[in-house]
Amino acid sequence: MPDVTGPATVAELFRDAMAGLCAGVAVLTARREDAQPCGLVATSVSSFSAVPPSVLTSIGHVSRCHHALAECEHFGVHILAGDQERLAHLFASLAEDKFDGIDWRWDHDVPELAGALAYLRCRRSAVFTLYDHSILIGDLVGGRSQPGEPLVYLDRRMDWRLEPAGPAPA
């Protein structure tokens with residue numbers, strides 16, 4: 001086990017350990033104050049509660065979409081399909097208009113992306129600020145889901161995909 005006494009060593013240990021934790025890839029979307037859509041890629045999305053059905057995610061304060069997500073009444077969580085790696089990279093980029101040229105529509109006040117395995121329309125129920133992120137909790141109020149393989153993030157790569165399970169060993 002490496003010695004983790006120095007701050008750089010602890011930070012490196014943390015990054016390496018978290019890189020080994022497989023996560024689903026999602027895009028969070030909201031409507032900005034100027035009525036334009038915004039979105040960002042997130043791998044820190046999880047179920048929060050079954051009653052009421054709710055999700056938890058965190059948003060970095062440096063994100064151009066932070067204010068819209070932290071202040072909106074509703075936001076979208078799009079769980080990406082295995083073939084949506086290009087979309088994930090677009091929403092992880094610094095592109096000015098991430099919605100230009102992609103298939104999306106307004107679901108009332110939330111930008112809904114086409115083709116995601118699941119789209120969860122959430123009502124913001126809580127926001128907490130800690131360190132350089134805001135923790136956002138949203139209660140599910142609608143959406144859709146379809147079968148398929150998810151896009152996942154592992155070892156600092158978004159192109160790794162789960163393989164369907166084969167028959168159980170005898």
Side-chain angles (χ1 to χ4, degrees), residues 14-15 18-19 21-48 53-146 148-161:
F14 175 77
R15 285 190 304 274
M18 293 299 102
L21 183 61
C22 184
V25 180
V27 171
L28 307 178
T29 60
R31 183 173 154 170
R32 296 188 325 220
E33 286 180 354
D34 65 1
Q36 294 301 306
C38 71
L40 58 88
V41 74
T43 57
S44 60
V45 175
S46 65
S47 62
F48 180 69
S54 56
V55 296
L56 179 146
T57 189
S58 64
I59 308 134
H61 293 164
V62 298
S63 169
R64 291 179 287 170
C65 202
H66 175 270
H67 181 73
L69 284 161
E71 300 295 324
C72 67
E73 182 178 350
H74 295 98
F75 64 95
V77 177
H78 304 81
I79 300 169
L80 298 187
D83 64 355
Q84 291 184 301
E85 181 183 338
R86 185 190 71 75
L87 191 64
H89 285 288
L90 172 64
F91 278 91
S93 77
L94 297 176
E96 274 304 310
D97 186 358
K98 297 176 183 180
F99 291 82
D100 186 36
I102 66 167
D103 191 6
W104 71 281
R105 69 176 186 91
W106 285 108
D107 176 16
H108 302 283
D109 57 345
V110 177
E112 179 184 352
L113 306 178
L117 283 183
Y119 160 64
L120 308 176
R121 179 181 168 79
C122 298
R123 180 186 49 79
R124 180 178 51 87
S125 58
V127 177
F128 306 94
T129 298
L130 186 63
Y131 308 130
D132 62 348
H133 279 67
S134 291
I135 299 162
L136 176 63
I137 298 173
D139 297 339
L140 184 64
V141 295
R144 60 176 169 73
S145 181
Q146 64 187 27
E149 298 299 323
L151 180 63
V152 296
Y153 184 74
L154 180 66
D155 289 333
R156 299 179 180 96
R157 293 177 32 194
M158 264 194 285
D159 59 349
W160 189 85
R161 292 167 180 83

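Along the sequence shown, the residues carry numbers beginning at 1.
- With hydrogens and angles ignored, the 3.5 Å screen pairs no side-chain donor or acceptor of Lys98 with any backbone N or O of Pro37.
- Partner Val45 forms a side-chain contact (heavy atoms from CB on, under 4.5 Å) with one of Leu28, Leu56, Leu136 and no other, that one being Leu28.
- Between His74 and Val110, the shortest heavy-atom contact is CB-CG2, 3.5 Å.
- Below 30°, between 30° and 60°, or above 60°: for His133 and His61 the angle between ring planes is between 30° and 60°, a tilted geometry.
- For the atom pair Asp132 CG and Ser63 OG, the distance stands at 12.0 Å (nearest 0.5 Å).
- Partners of Asp107 under the side chain to side chain contact (heavy atoms under 4.5 Å, CB included) rule, at least two apart in sequence or in another chain, are Arg105, Glu112, Tyr119, Arg121.
- Looking at Thr57, its side chain does come within 3.5 Å of a backbone N or O of Ser44 through a donor-acceptor pair.
- Shown here are the side chain to side chain donor-acceptor pair (under 3.5 Å) partners of Asp34, two or more places apart in sequence or in another chain: Arg32.
- With contacts defined as side-chain heavy-atom distances shorter than 4.5 Å, the pair Val41/Val25 qualifies.
- Under the 4.5 Å side-chain criterion, counting only non-hydrogen atoms from C-beta, Ile102 is in contact with Leu113.
- Atom CD of Gln146 sits in a crowded spot, with more than 12 heavy atoms from other residues, nucleotides or ligands closer than 6.0 Å.
- Between Trp106 and Ala35, the shortest heavy-atom contact is CZ2-O, 3.6 Å.
- When every heavy atom of Asp139 is checked against every heavy atom of Ser54, the shortest pair comes out as OD1-CB, 3.3 Å.
- The main-chain N or O of Ile59 is never found under 3.5 Å from a side-chain atom of Ser134 such that the two would form a donor-acceptor pair.
- Tested against Val27, the residues Leu80, Ile79, Leu90, Val77 include a single side-chain contact (heavy atoms from CB on, under 4.5 Å) partner, Leu80.
- Within the 4.5 Å cutoff, no side-chain heavy atoms of Thr29 are placed close to those of Trp104.
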| task | Any chance you could lay out the side chain to side chain contact (heavy atoms under 4.5 Å, CB included) test for Glu33 and His67, step after step, and finish with the verdict? | result | CA-CA 9 Å; Glu33 286 180 354; His67 181 73; 3.0 Å; yes
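- Using a 4.0 Å cut-off between charged nitrogen and carboxylate oxygen, Glu73 and Arg31 do not count as a salt-bridge pair.
- Between Ser125 atom OG and Phe48 atom CZ the span is 7.5 Å, to the nearest 0.5 Å.
- Arg64 places no side-chain N or O within 3.5 Å of a backbone atom of Leu40 that could act as its donor or acceptor partner.
- Between Leu130 atom CG and Ser58 atom OG the span is 10.5 Å, to the nearest 0.5 Å.
- Residues Ala68 and Cys38 come closest through the heavy atom pair CB-SG, 3.5 Å.
- Here the straight-line distance linking atom CD1 of Ile137 with atom CZ of Arg124 works out to 11.5 Å at 0.5 Å rounding.
- Counting all heavy atoms, side chain and backbone alike, Phe99 lies closest to Gly39 at CE1-N, 3.8 Å.
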